[in-house]
Amino acid sequence: MKERTFVMIKPDGVKRGLVDEIVSRIHGAGLKVVSKKVLMLNRRTAEKLYEVHRGKEFFERLIVHVIWGESVVMLVEGERAITKMRELAGATDWRKAAEGTIRGDFGTSITENVIHASDSAKSAKRELSLFFQI
Ligand code: CMP
């Protein structure tokens with residue numbers, strides 16, 4: 001089934017020049033980047049994006065990380081796009097992420113884990129609507 005998902009390359013990934021490599025992995029998985037933009041998240045948008053994590057111990061660290069530099073946000077489309085993107089990203093904790101996954105290859109901490117990809121169709125719809133006219 002064709003799906004749409006939200007993907008964000010976080011400031012650590014952008015700063016380290018990983019955008020082209022990540023986009024190439026997305027294409028390699030047979031997915032299409034329908035739209036892509038570079039932006040600086042403000043605190044309000046970052047808190048909305050991550051509202052399910054509000055109140056958790058790592059929330060403030062996460063928000064500070066995603067607003068310190070430019071991110072690249074993308075609308076990614078294709079067959080089973082949500083699952084495929086989660087597989088490409090790998091486990092949230094870079095130490096547990098398999099080799100060959102984006103976080104396994106490039107993550108440097110649980111917060112600086114390079115990429116975010118929506119975890120469900122409902123999250124994808126909500127997260128995409130924060131950044132794209134859909
Ligand atoms: P992401 O997939 O963007 O979703 C929530 C983010 O919170 C996660 O990636 C990490 O960057 C960050 N984070 C920091 N600490 C933790 C933690 N202990 N558990 C889960 N996510 C964490």
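From a predicted model like this one, the values you see are computed outputs, not experimental measurements.
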Find out if a path of hydrophobic residues (ILVMFWY) with successive side-chain heavy-atom gaps under 4.5 Å connects [X] to [Y].
| X | Y | result |
| --- | --- | --- |
| Ile134 | Val73 | yes |
| Ile82 | Val34 | no |
| Met8 | Leu39 | yes |
| Trp68 | Met40 | no |
| Leu130 | Leu128 | yes |

For [X] against [Y], the heavy-atom pair lying closest together:
| X | Y | result |
| --- | --- | --- |
| Pro11 | Gly69 | CG-O, 3.5 Å |
| Ser118 | Ala124 | OG-CA, 3.4 Å |
| Gly104 | Ala97 | N-CB, 3.4 Å |

Worksheet item: Which pairs count as salt bridge (charged side-chain N to carboxylate O under 4.0 Å, His left out) when at least one residue sits in residues 110-134, sequence neighbours excluded?
Response: Glu51-Arg126

Worksheet entry | salt bridge (charged side-chain N to carboxylate O under 4.0 Å, His left out) contacts touching residues 16-27 (sequence neighbours left out) | Glu21-Arg25, Arg25-Asp105

Inter-residue atom distance [X].[atom1] - [Y].[atom2], 0.5 Å rounding:
| X | Y | atom1 | atom2 | value |
| --- | --- | --- | --- | --- |
| Leu62 | His116 | CG | NE2 | 9.5 Å |
| Asp93 | Ile110 | CG | CD1 | 4.0 Å |
| Tyr50 | His65 | OH | NE2 | 8.0 Å |
| Ile63 | Leu49 | CD1 | CG | 7.5 Å |
| Arg103 | Thr108 | CZ | OG1 | 12.0 Å |
| Lys37 | Ser71 | NZ | OG | 12.5 Å |

Item to complete: Considering only Ile, Leu, Val, Met, Phe, Trp and Tyr, and joining two whenever side-chain heavy atoms are under 4.5 Å apart, list the other residues clustered with Val76.
Response: Val7, Ile9, Val14, Leu18, Val19, Ile22, Val23, Ile26, Leu31, Val33, Val38, Val72, Met74, Met85, Leu88, Ile102, Phe106, Val114, Ile115

Fill in: All side chain to side chain donor-acceptor pair (under 3.5 Å) counterparts of Glu60, not counting sequence neighbours
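Side chain to side chain donor-acceptor pair (under 3.5 Å) check on Glu60 returns Arg43.
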
Fill in: Basic-acidic side-chain contact under 4.0 Å: Lys10, Asp12
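Judged by the 4.0 Å cut-off on N to carboxylate O distance, Lys10 and Asp12 do not form a salt bridge.
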
Item to complete: Could you walk me through whether Arg54 and Glu47 pass salt bridge (Lys or Arg N to Asp or Glu O under 4.0 Å), step by step?
Response: CA-CA 8 Å; Arg54 192 186 291 279; Glu47 289 189 355; 3.6 Å; yes

Discussion item. Are there over 12 heavy-atom neighbours, none belonging to Lys32, within less than 6.0 Å of that residue's NZ?
Written reply: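 No - once you tally the heavy atoms of other residues, nucleotides and ligands closer than 6.0 Å, there are 12 at most.
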
Fill in: Within 6.0 angstrom of Lys48 NZ, more than 12 heavy atoms from elsewhere
no

Practice prompt. Kindly write out the residues that satisfy salt bridge (Lys or Arg N to Asp or Glu O under 4.0 Å) with Arg4, not counting sequence neighbours, or none if the list is empty.
Written response: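 Salt bridge (Lys or Arg N to Asp or Glu O under 4.0 Å) list for Arg4, sorted by chain: Glu77.
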
Worksheet entry | Ring-ring centroid check Phe6 Phe131, cutoff 6.0 Å |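 Between Phe6 and Phe131, the centre distance is under 6.0 Å.
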
Fill in: Pairwise ring-ring contact (aromatic ring centres under 6.0 Å, His included) hits with a residue in residues 80-102, at least two apart
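Found none.
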
